[in-house]
Amino acid sequence: MSDFPTTARVVIIGGGVVGTSTLYHLAKEGWKDCVLLEKNELTAGSTWHAAGNCPNFSSSWAVMNMQRYGLEMYRTLGKDVDYPMNYHVTGALRLAHSKERMMEFERVMSMGAYQGLDMGMLTPEECKDYNPFMEVHDLEGALWDPLDGDIDPAQLTQALAKGARDNGGRIERFCPVEGLDRDGDEWIVKTPKGEIRAQYVVNCAGYYAQRVGEMFKPFGGRTVPMVVMSHQYFLTGQLPELEAWTKEKGHKMPMIRDVDISYYLRQDKSGLNLGPYERNCKAHWVTPEDPMPEDFSFQLYPDDLERLEFYIEDAMERVPLLGQGGVERNINGPIPYAPDGLPMIGPMPGVKNAFEGHSFTFGIAQGGGAGKVLAEWIMHGETELDMWAVDPRRYTDYTDHDHCLSKALETYGHEYAMHFPHHEWPAGRDKKLSPNHAALQSSGAQFGAYNGWERANWFAKDGDDTSEESTQTWDRNGPWSVRIKEEVEAVRDHAGVLDMPGFSRYALSGEGAAEWLRGQTSGALPKVGRMNLAYFTDSRGRILTEMTVIRWGEDDFWLMTAAVALWHDFELLKGRMPADSSLSLTDITNDWSTHIVTGPAARDILAGMTDGDLAATWMSIQDATVAGKAAKLFRVSFAGELGWEVHTKFDESPAVYDAIIAAGAKPFGMYALNSMRIEKGYRTWKGDLSTDYTMLEAGLDRWVKLDKPQDFIGKAALAAQAKEGIKKRFVTMTVEAGDQDAPYMSTVYHNGEVVGETTSGDWGYRIGKSVALGTIRADLAVAGTELEINIFGRMCRATVQPDAPLWDPQNERLRA
């Protein structure tokens, strides 16, 4: 093992917790010929010394599952690899200063129950039973998380490294990567010690990930969307009172997370460690005047405690003991931030056989699970659980430096923020604008960002409160609700138009294109001149994506999908094409824009401006002119009314939009569309449609053709599941919901037992009811079954509905 390796199956660049965890999981699964290259000593998370906090709960199943797995792994890791580890499960008190925060905690507790985690809600006085050193007079309450704690990061990294080595993995220290090259399908990794040829390369370079990412640009890579932030915390001197309490109780003081003020406070030996996420935060290495050094190992930024003054004073009022210890040591080090604060784990966009595992803001908490996920991606090309929330392909071409910097500052300064359903974060916006953006603004549009595209969520009128503060509520009703109702009623009773730029669309053509598509999708293709939905599944029959297939000719197609799926779905298609394929696949997303014209008067509105055949049937497609511009008319409506999608060249969209408005269509937004689609039971990608569910579990049986000759990926798994039966099933439920609708990932109960989860929920303005979509235990998926959904701590009665749309169940209106 002393000779430098010249070949490897996998080369991992970077030796923090995530890199060593990935090597450990690969080696455990028998991939012994894998090498980790570390620039210096093996370090944890960052080159500055911090103890990780486990876990940090997120609104994503992906992150929660990843952290849960890591916690379970850490409990036995020391014994498993025979390496000593200090892992203190202290529990944590998450403090609430408001009713809204208590509601969020109730939601988190319910989500934890779905995963078998036993958390609890506390009154202010009950908090003192866990931590007698704190003041509680101004609190609403707290969430008790019994599994939170801290771990020695150096020991964790060394334990993972030992486990990896014992299983055949190799670690080369003091071996920076100087460059990359390719020879056919092989990577050539260049180092001062020599070159390594490898099948796969993984960027686990921590806060140097963007610099390493530049090496992949000649092979299709992009600038990694991240910024390095300054995270500062300090340690007090030893506190005799805390030392005595610890000896008496036999355990450390439970951590305090004051999420409304934005800091954590935990015990470190017999002192305290205070770490704020300050609003007046600071990024480093973002200007030419402050370049990233070649090597920042074991270094820190200069102290800047003045920036933390407010948080220190607040924490001392909360725990007066903090003020008695003084500042013994201050640590101010680098921490990487992606725009949304979540890591990037998975395939590297645009680069074959390359992966990413970096930008961890909670690397210790997430590292154990992240290594498992990365190992799954590398070995199998898919993961056990849906990991879209951390997939690097969730970011596309809008993430320039300005966007990444402004979002990192916003996200860091609101690390513990509540994410309300009608709140839009303001930083990093206006990256992609519709050609009708100014017209929408003049009509009162309130915008949301969809893969960087600004789309109208709702339209305000004079006097409506459009402040950011007005959206900081979990309630359904706000200034937007009366306007959404008006927009829905306009579509229901007359006609509306939704300006919708950013549909991801690809042109597929070439001899054999149709047969190739048949072999990729679970169902059938449309006839020429028609369109339909198609589903792509993984090896287990789980939903990778949904695309609309538009067939212009025998082997001439458009494939359309969600805006945010732009890179994911393109790579899915491209990656499945044979290397010697003569097929042509082109991304034409930016060439076109779309108007959805829908409602009973849609035909009359379009009749005066188009030469198209408006008597053409549902799911038909045609070329036409609209308002004098070349257009493509698709007879389809996601709102569930008579309607068309009008597709025009991007720059010609304004003339068409103006003509549609002039003909009497009322502009409506994404919130109204969401309300209407949920009444129809229409699914959304990565909400209702994800790799957490197979096609059969998702209730998409009619798009599965097990009798077709093509052996599509996942066919065998679906055939086996069809024979054995499913354990959970997708349903539509009406809910006695009160003031809030069921958010994504609400837990569903039957007779007090957890039986499922919601995938989306909203108020149906046409039916006058709250609606939730979700999956439940299959034997309960019978119309009329009574269930309960935990909505922010209230158990709300829900009723399973028949397998048909709630609005216009016979689809008579949309086929009129």
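Sequence positions, counted from 1, serve as the residue numbers for this chain.
Using a 30° and 60° split on the angle between ring planes, W474 and F792 fall in the tilted class, from 30° to 60°. The aromatic rings of Y264 and Y277 lie tilted to each other, with the angle between the two planes from 30° to 60°.
When the shell of 6.0 Å around NZ of K769 is examined, it contains 12 or fewer heavy atoms from other residues, nucleotides or ligands.
The nearest pair of heavy atoms linking V754 to Y749 is CG2-CE2, 3.5 Å.
Of the N and O atoms on the side chains of S770 and D741, at least one donor lies less than 3.5 Å from an acceptor on the other residue. Between E697 and T775, the side chains place no donor N or O within less than 3.5 Å of an acceptor N or O (distance only, hydrogens not considered). The closest side-chain donor-acceptor pair between Q267 and T90, if any, does not fall under 3.5 angstrom. Counting only N and O atoms by type, the side chains of D258 and H97 include a donor and acceptor under 3.5 Å apart. Side-chain contact annotation: E786 with T799, donor-acceptor N/O pair under 3.5 Å present.
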Please walk me through it: do T396 and N451 pass side chain to side chain donor-acceptor pair (under 3.5 Å)? CA-CA 7 Å; T396 63; N451 191 40; 2.8 Å; yes

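D688 has a carboxylate O that lies under 4.0 Å from a charged side-chain N of R677, or vice versa, which qualifies the two as a salt bridge. A salt bridge is defined here as a Lys NZ or Arg NE, NH1 or NH2 lying under 4.0 Å from an Asp or Glu carboxylate O, and D148 with R257 meets this definition. Taking 4.0 Å as the cut-off between side-chain N and carboxylate O, R68 and E72 count as a salt-bridged pair. Between R101 and E104 there is a salt bridge, since a side-chain N of the basic residue sits under 4.0 Å from a carboxylate O of the acidic one. Between R492 and D808 there is no salt bridge, since none of the side-chain N atoms of the basic residue sits less than 4.0 Å from a carboxylate O of the acidic one.
Under the side chain to side chain donor-acceptor pair (under 3.5 Å) test applied with T694, the options R542, Q721, K728 reduce to a single match, Q721.
Figure legend: R318 and Y263 shown without cation-pi pairing, the cationic atom not lying both under 6.0 angstrom from the six-membered ring centre and within 45 degrees of its axis.
Aromatic pair W377/F355: ring centres not closer than 6.0 Å. Remark: aromatic rings of W425 and H414 are close, center separation under 6.0 Å. Centroid-to-centroid, the aromatic rings of Y671 and W480 stay 6.0 Å apart or farther.
Separation of atoms CZ (F536) and CD1 (I543) is listed at 13.0 Å; rounding is to 0.5 Å.
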